[in-house]
Amino acid sequence: MEPRPSHDSRAWALPAAVAVLALENTALLAALLFVGSAPPAISAFLLIKFPFCVGLLHRRHGAFLFLTFWEACVIVIALLNPTLALGARLGLLASATTGLGLLGMSLALFPETRLPPAGTVDPSRN
């Protein structure tokens, strides 16, 4: 198999994605705390995103998948929730789309994972 090409030109995409995702979450938390009408459970739920942003900096595949799913859900919410103000919907849509784009650009920076060859698993480790 050929080695993966170097993507040094996209090395900026991963920290930029983390910055956009963390700023989006911080702005959303600040808006919810400013309005004060959201239940505390929603604010606590939004705090879950920050450790995954740190995991993304460490190039963890699970953090990448979680944040990709999170941003896709934010896009769906921004498009389908009529109770949000238009400015909030556009802001969420713009930040989530930017975050997804940067996540896609940084995908090549993650290490390639491989399964072990067949027959190399030690049966005594069950």
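We count residues from 1, following the sequence as given. Being a predicted model, the structure only gives us computed values, none of them experimental. Just the heavy atoms: all of them, side chains too, but no hydrogens, waters or symmetry mates, feed the values below.
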R60 vs F110, side-chain contact (heavy atoms from CB on, under 4.5 Å): CA-CA, chis, key distance, verdict: CA-CA 8 Å; R60 304 214 189 279; F110 283 79; 5.8 Å; no

With sequence neighbours excluded, residues passing side chain to side chain contact (heavy atoms under 4.5 Å, CB included) with L79: I75, L93

P111 backbone acceptor or donor facing H61 side chain under 3.5 Å: yes

Check: S95 side chain, L92 main-chain N or O, donor-acceptor pair, under 3.5 Å: yes

Heavy-atom side-chain contact between I77 and R89 under 4.5 Å: no

Residue pair E71, T97: steps toward the side-chain contact (heavy atoms from CB on, under 4.5 Å) verdict: CA-CA 8 Å; E71 294 303 308; T97 305; over 6 Å; no

Selection residues 16-50 - residue pairs positive for ring pair (Phe, Tyr, Trp, His ring centres under 6.0 Å), sequence neighbours left out: F45-W70

Worked check of side-chain contact (heavy atoms from CB on, under 4.5 Å) between W12 and L102: CA-CA 9 Å; W12 59 270; L102 290 169; 3.7 Å; yes

Beyond-backbone contact of L56 with L21, side-chain heavy atoms, under 4.5 angstrom: yes

Under 3.5 Å donor-acceptor, R10 side chain and A108 backbone: no

Check: L14 and M105 side chains under 4.5 Å, non-hydrogen atoms: no

From CD1 (I48) to SG (C53), nearest 0.5 Å: 12.5 Å

Aromatic ring pairing F52/F66, orientation class (parallel under 30°, perpendicular over 60°, tilted between): parallel

Pairwise side-chain contact, L29 with L47, heavy-atom cut-off 4.5 Å (strictly under): yes

Straight-line distance of L28 CG to I42 CD1, nearest 0.5 Å: 9.5 Å

Contact list for residues 13-32, test ring pair (Phe, Tyr, Trp, His ring centres under 6.0 Å), sequence neighbours left out: none

Gap between atom OG of S106 and atom CZ of F64 - 0.5 Å precision: 5.5 Å

Under 3.5 Å donor-acceptor, N25 side chain and L46 backbone: yes

In one Ile/Leu/Val/Met/Phe/Trp/Tyr side-chain cluster, 4.5 Å: L23, L103: no

